[in-house]
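Proteins come first, then strands; the chains are lettered A, B, ... in the order of their sequence lines, and each starts at number 1.
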Amino acid sequence: MDVTHIIESLNDAQRQAVTAPSQSILVLAGAGSGKTRVLVHRIAWIIKTQDLSSQSILAVTFTNKAATEMRGRIEKLLDYSAQAMWVGTFHGLAHRLLRRHAHEAGLPEAFQVIDSDDQLRMIKRLLKALALDEARWPPRQVQGYINGHKEEGRRARHMPETGDLYQRQMLTLYREYEQTCMRSGLVDFAELLLRVHELLRDNEKLLQFYKQRFLHVHVDEFQDTNTIQYAWLRLLTEGKNNLFVVGDDDQSIYGWRGAKIENIYSFQSDYPNHLVVRLEQNYRSTANILNAANALIVNNQGRMGKELWTEDGDGEPISLYAAFNEQDEAYFVVERIKKWVELGGLRSEAAILYRSNVQSRLFEERLMSGGIPYRVYGGLRFFERAEIKNALAYLHLIAHANNDSAFERVINIPNRGIGPKTIEDLRSVARDERISLWQAVNKLVLSGVITARTKRVLNSFIDVINNLIEQAEGLALHEKVQRAVEHTGLIDFHKKEKGEKGEARVENLQELVNAARQFDYEEDNTEGLNELDLFLAHAALESGEMQGDQYDDCVQLMTLHSAKGLEFKLVFIVGVEEGLFPSPRSIEDPSRLEEERRLCYVGITRAMQILYLSYAESRRIYGRDTYPKCSRFIKEIPSDKIQEIRMGATISRPVSMAKSGFSPRQQKTAFQLGQRVSHVKFGEGVVLQVEGEGAQERVQVNFTAVGMKWLMLAYAKLEAIA
DNA sequence: TTGTTCCAGCTTTTT
DNA sequence: GCTGGAACAA
């Protein structure tokens with residue numbers, strides 16, 4: 001069999017990983033070293049050389065995007081459709097297994113998947129039901145507690161009834177939450193993974209079946225796996241020596257949501273005969289960029305160790321811009337992007353990366369006033385929008401009227417005159433009788449203890465749902481969706497909304513009908529489930545593309561986190577300041593600080609040709625002026641790799657001008673704002689404000705060593721430095 | 001039931 | 001300094 005095309009384009013290390021004999025393999029793949037390529041080629045290689053059916057392959061990723069891309073590339077390499085191959089996200093695959101084996105897993109056949117937003121709402125409702133104060137038991141904290149334990153594989157019933165009030169209360173909440181979910185047949189994201197783990201662990205026959213089926217198991221972004229995901233992989237591969245994982249400990253940036261870098265170490269002890277392959281040759285960035293990244297990351301302890309190199313030249317030095325303030329920073333970046341475009345670069349080749357989403361605003365404003373198209377990543381995705389979730393809630397009720405979560409969401413949307421009082425009554429009936437809200441409302445309208453008005457409005461809701469259920473019979477999926485958005489009054493409700501918002505929402509609802517029409521039933525369906533259930537699961541598991549047209553030539557704005565896996569010719573990492581990046585919440589804790597450093601490493605290694613780092617001498621945060629210091633990460637990069645950019649006179653502008661827009665103008669004072677100065681006693685600093693005239697003239701200087709000082713110019717011997 | 005005001009809180013994000 | 005949610009008034 002001719003397999004040369006699979007390996008001929010690979011370098012030595014890549015080829016070693018791809019062609020290694022069957023055994024457990026850990027590929028430590030540096031940024032831009034061809035990680036996905038190795039994974040894809042390995043799978044193709046295995047299938048070809050061992051003459052396997054593609055159904056013997058299991059490949060797991062974290063995002064749907066990565067899964068889709070991987071499948072596409074494998075099919076292209078093999079030149080046939082590998083429909084039977086299980087390629088998907090941990091959650092997607094877990095969902096598929098649970099659908100197949102709902103009964104064995106102890107779930108109702110019609111279980112429904114809820115996303116984190118639904119989960120949070122449920123927790124809030126639970127707190128209300130238990131009469132607990134949200135201020136004392138913050139819902140997000142409860143959510144974190146529940147998910148945290150699930151990710152570690154712990155059920156409420158496994159946990160000891162000990163500890164302080166806090167511990168016991170949280171445990172109660174966890175237990176109640178589990179019960180509520182079970183009653184309504186709801187499964188959250190963490191539950192998908194935990195259930196599957198329990199299913200395989202406790203069901204020897206099933207486990208053996210899947211162990212025999214999946215001859216080779218592959219994992220992408222292995223450094224991001226959490227405890228339960230790793231345990232799941234362990235079950236499937238134990239004793240079989242067939243686990244192939246690709247990851248980069250230096251790019252582990254999701255520790256805060258449960259990812260365990262330690263899994264990389266565990267792998268090495270759990271699979272004694274494993275092979276480790278390092279991919280260190282980088283095909284993305286210039287040597288200067290790689291050297292900076294290498295120099296930064298060596299400051300972390302306990303790394304697996306890896307040093308990126310390239311055959312390419314040094315390229316441009318890395319530029320560092322010390323902005324006068326955050327406005328100036330945005331101004332500078334946008335000017336450089338303009339220049340890039342003038343010289344023939346594409347806007348889409350330029351990215352502005354920041355630590356936190358709030359930083360995007362200034363850049364957006366600058367880009368907008370400069371007439372430069374841009375695209376901001378992040379924010380609400382399609383299936384997460386309120387109007388979409390409302391429509392989905394109606395669909396959930398069609399599929400499963402006892403879904404309390406969906407019921408509460410839309411009982412009064414659009415307004416039917418069902419207020420909190422009535423809803424509270426429904427809840428108490430449901431609670432007392434241990435029935436669902438849907439059953440409760442049906443009971444209540446027959447009971448005679450309510451007013452005629454309440455009875456009327458409740459009946460109107462019951463009719464809406466019953467009609468939907470009756471009409472749904474025999475309709476195509478998109479027709480069901482169509483009805484759910486029209487006959488419930490959702491479309492009219494949003495049409496009445498003033499402003500463009502309403503219009504956009506109506507459009508989104510129509511888009512939902514479209515999405516349903518295009519929904520590929522076959523693709524997701526391997527278990528003979530009904531189409532509506534699958535569509536709803538799809539909506540929860542795949543929250544939809546980010547907004548905006550990818551194909552337009554736009555400057556890309558995103559957080560450093562979302563930049564992982566991407567590359568751009570021109571990269572700006574902005575706000576590289578102590579207290580912003582690293583974030584103040586991470587500074588105290590060494591392991592979190594290391595994660596911030598890895599985040600910086602991820603950012604640097606996104607750049608192919610040109611990298612700018614910038615920070616501001618003065619920045620408004622939450623309405624207060626702060627005078628941050630340049631980030632320690634900048635200092636960890638050898639200064640000979642960095643070229644400092646001084647704008648000198650051209651950037652000087654008073655603070656008041658900075659606020660009202662930019663018209664750079666010369667100051668008549670002795671010192672320009674932003675001017676670097678030196679003081680005999682205080683050392684070096686930057687002029688931030690100038691006040692008064694003549695003998696009364698004072699300047700505010702931020703000194704590197706001693707911080708902010710106001711100095712009388714007449715007395716202080718300040719010297720300008722270049 | 002809707003609109004207004006007040007107040008806390010405020011990384012990162014996929015599924 | 002802005003936002004989302006909750007408490008309040010009309």
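- Among A/E326, A/E329, A/R355, the single residue meeting the side chain to side chain contact (heavy atoms under 4.5 Å, CB included) criterion with A/V574 is A/E329.
- With rounding to whole Å, A/E221 atom CD is found 12 Å from B/dT15 atom P.
- Taking only side-chain atoms of A/S583, from C-beta outward, the nucleotide of B/dT12, B/dT11, B/dT14 with the closest atom is B/dT11.
- A close approach under 4.0 Å does not occur between any side-chain nitrogen or oxygen of A/Y622 and OP1 or OP2 of B/dA8.
- Ranking B/dT12, B/dT11, C/dA6 by closeness to the A/R585 side chain, first place goes to B/dT11.
- Using a 4.0 Å heavy-atom criterion, one finds that A/Q229 contacts no nucleic acid atom at all.
- Contact annotation: A/R257 does not reach the phosphate of B/dT14 (side-chain N/O to OP1 or OP2, under 4.0 Å).
- Residue contacts shown for A/D115 are absent, as no nucleic acid heavy atom lies under 4.0 Å away.
- Using a 4.0 Å heavy-atom criterion, one finds that A/N64 contacts the sugar-phosphate atoms exclusively.
- With a glycosidic angle no more than 90° from 0, B/dT11 adopts the syn conformation.
- Electrostatic pairing of A/E221 and A/K564 counts as a salt bridge here, judged by a charged N lying under 4.0 Å from a carboxylate O.
- Distance from the side chain of A/T559 is smallest to B/dT13 among B/dT14, B/dT11, B/dT13.
- Among the atoms of the strands shown, only primed sugar atoms or phosphate atoms (P, OP1, OP2) are found under 4.0 Å from some heavy atom of A/F62.
- Aromatic ring centres of A/Y254 and A/H561 lie closer together than 6.0 Å.
- Counting atom types as modelled, A/S116 pairs a side-chain N or O with a base atom of B/dT15 as donor and acceptor under 3.5 Å.
- The interatomic distance linking A/F222 (CZ) with B/dT14 (P) rounds to 22 Å, in whole Å.
- Put simply, A/S562 has a side-chain N or O that comes within less than 4.0 Å of OP1 or OP2 on B/dT13.
- Distances from the side chain of A/H561 to the nucleotides B/dT14, B/dT11, B/dT13 place B/dT13 closest.
- Distance, A/E365 CD to C/dC2 C1': 13 Å, rounded to whole Å.
- Remark: P of B/dT11 and CD1 of A/I621 are 11 Å apart, rounded to the nearest angstrom.
- A/R381 has a side-chain polar atom (N or O) that falls below the 4.0 Å cut-off from OP1 or OP2 of B/dT15.
- What separates CG of A/N325 from C1' of C/dG1 is a distance of 16 Å, to the nearest Å.
- Remark: A/R140 CZ is loosely packed, at most 12 non-hydrogen atoms of other residues, nucleotides or ligands lying under 6.0 Å away.
- Ranking B/dT15, B/dT12, C/dG1 by closeness to the A/R620 side chain, first place goes to C/dG1.
- Taking side-chain N and O atoms only, A/N147 has no distance below 4.0 Å to OP1 or OP2 of B/dT15.
- In this model, the phosphate group of B/dT2 is approached by a side-chain N or O of A/N415 to a distance below 4.0 Å at OP1 or OP2.
- Taking a cutoff of 4.0 Å between a charged side-chain nitrogen and a carboxylate oxygen, A/R99 and A/D533 do not qualify as a salt bridge.
- Within the 4.0 Å cut-off from OP1 or OP2 of B/dT11, not a single side-chain nitrogen or oxygen of A/N357 is found.
- In this structure, A/Y254 forms no aromatic stack with the base of B/dT12, since the conditions of centre separation below 5.5 Å and plane angle below 30° are not both met.
- Remark: A/C181 SG to A/I146 CD1 distance equals 8.0 Å, nearest 0.5 Å.
- Across the interface with DNA chain B, nearest-nucleotide mapping of A/S356 and A/H91 shows A/S356 to be the residue nearer the 5′ end.
- Checked for salt-bridge contact, A/E134 and A/K128 miss the test: no charged N lies under 4.0 Å from a carboxylate O.
- The NZ atom of A/K124 sits 8 Å away from the C1' atom of C/dG5 (whole-angstrom rounding).
- Side-chain atoms of A/R355 come within donor-acceptor range of the base of B/dT12, with a qualifying N/O pair under 3.5 Å.
- Residue A/F189 and nucleotide B/dT14 are not classified as a stacked aromatic pair, given the requirement of ring centres less than 5.5 Å apart at an interplanar angle below 30°.
- The side chain of A/N412 sits closest to B/dT1 out of B/dT11, B/dT1, B/dT15.
- Protein atom CD of A/Q359 is 10 Å distant from nucleotide atom C1' of B/dT11, rounded to whole Å.
- Remark: C1' of C/dG5 and NZ of A/K128 are 10 Å apart, rounded to the nearest angstrom.
- Between A/T89 and A/G417, the residue anchored closer to the 5' end of DNA chain B is A/G417, taking for each the nucleotide with the nearest heavy atom.
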